[in-house]
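Working notes, structure below.
Here, residue 1 is the first one in the sequence, and each next residue gets the next number. Counting convention: from 1, in listed order, for ligands and their atoms alike.
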Amino acid sequence: MTNLFLPLVAKMDPTDYVGFTFFVGCMAMMAASAFFFLSLNQFDKKWRTSVLVSGLITFIAAVHYFYMRDYWASNMESPTFFRYVDWILTVPLMCVEFYLILKVAGAKKSLLTKMIVLSVIMLVTGYLGEAVYAGQAALWGFFSAVAYFAIVYEIWLGGAAKLANEAGGDVLAAHKVLCWFVLVGWIIYPLGYLVGTADGQWYSSFANLGLDMDVLYNIADAINKIGFGLVIYALACKKTA
Ligand SMILES: *C/C=C(C)/C=C/C=C(C)/C=C/C1=C(C)CCCC1(C)C
């Protein structure tokens, strides 16, 4: 007789710490989304969009984490496709956050376009190196890193930095914190990439560091998506008070 009670939830190995971080990621992203959405009413109208975008970033991530958790639990391999779909939606939204807070100093659409284009280049080349041309992971990773540093330059020293200085006060302070997130929090991603694609590359020793690509990506997502959102939330609180 066929078993009609097919298991709907894949078994979890108690020592599967990668699966554990996917699980915690789901809950953290979901809780953060509820927090941002439910706080919306307390802010002045013009700050609501920024906090709404914070919630959308963690919400989109929450949905992808549910898929990634299941994909990992059923296949025991990296959910590269879902990972990059998540990033290609959420990273441009993080660029929108920069644009929204700098609008008070007169940020133009061209700043937004530039940052979105750079982030898409960064992610598409990263995907090609991780999933399509794994043999040339170093080269594609290099292209991706160039786009990443162009973003870092734009916010620390380029047009976005000038606008932040003009805005001053709370906006400048929040911009600075976001800059640190991009410089320090985002650098975890290329580290994860080096660990995950090390096989057969000149940096093959990264495979022996005892680190796991997905754990690094999951930790980085929690820090950056929720942390970013909280910086915006705190700024909206200050501006409303
Ligand atoms: C919420 C998701 C975020 C903030 C994702 C950020 C991803 C990156 C900054 C990825 C960067 C990469 C490089 C700089 C080089 C290697 C390939 C990537 C895509 C991992």
**Fill in**
In ligand 1, the atoms that come under 4.0 Å of a heavy atom of Tyr84 are 19 (C)
**Asked** Counting each atom of ligand 1 from 1 as listed, which ones have a heavy atom of Val91 under 4.0 Å away?
**Response** 2 (C), 3 (C), 4 (C), 5 (C), 6 (C)
**Complete:** Between the CZ atom in Phe22 and the CE atom in Met12, the distance rounded to the nearest 0.5 Å is 10.0 Å
**Request:** Compare Tyr217, Tyr189, Tyr193 and give the one whose heavy atom is closest to atom 6 (C) of ligand 1.
**Result:** Tyr189
**Message:** Parallel, tilted or perpendicular, judged at 30° and 60°: which one describes the rings of Phe35 and Tyr233?
**Reply:** tilted
**Asked** Short list, please: which atoms of ligand 1 are under 4.0 Å from a heavy atom of Gly141?
**Response** 15 (C)
**Proximal ligand 1 atoms for Met94, defined as those under 4.0 Å from one of its heavy atoms** = 4 (C)
**Message:** Return the closest protein heavy atom for atom 9 (C) of ligand 1 as residue, atom name and distance.
**Reply:** Met122 CE, 3.4 Å
**Request:** Mark yes or no for whether Asn75, through its side chain, and Glu77, through its backbone, hold a donor-acceptor pair below 3.5 Å.
**Result:** no
**Message:** Testing Tyr189, Phe81, Tyr193 one by one against Trp87 for a ring-ring contact (aromatic ring centres under 6.0 Å, His included), which residue passes?
**Reply:** Tyr189
**Item:** Proximal atoms of ligand 1 relative to Tyr148 (non-hydrogen, under 4.0 Å)
**Value:** 14 (C)
**Request:** Using a 4.0 Å heavy-atom cut-off, say whether Asp221 meets ligand 1 through its side chain, its backbone, both or neither.
**Result:** side chain
**Prompt:** Rounded to the nearest 0.5 Å, what separation is found between the CG atom of Asp221 and the CE atom of Met68?
**Reply:** 6.5 Å
**Message:** If the cut-off is 4.0 Å to any non-hydrogen atom of Thr90, which atoms of ligand 1 fall inside it?
**Reply:** 1 (C)
**Geometric class of the Tyr133/Trp140 ring pair [parallel <30°, tilted 30-60°, perpendicular >60°]** = parallel
**Message:** Within the 4.0 Å heavy-atom shell around Lys225, which atoms of ligand 1 are there?
**Reply:** 1 (C), 2 (C), 3 (C)
**Message:** Testing Asn218, Asp212, Asp16, Asp214 one by one against Thr21 for a side-chain hydrogen bond (donor to acceptor under 3.5 Å, both in side chains), which residue passes?
**Reply:** Asn218
**Ring-face cation of Arg48 near Phe43 (centre distance under 6.0 Å, axis angle within 45°)** = no
**Asked** Which option, Ser144, Gly126, Ala137, owns the non-hydrogen atom nearest atom 12 (C) of ligand 1?
**Response** Ser144
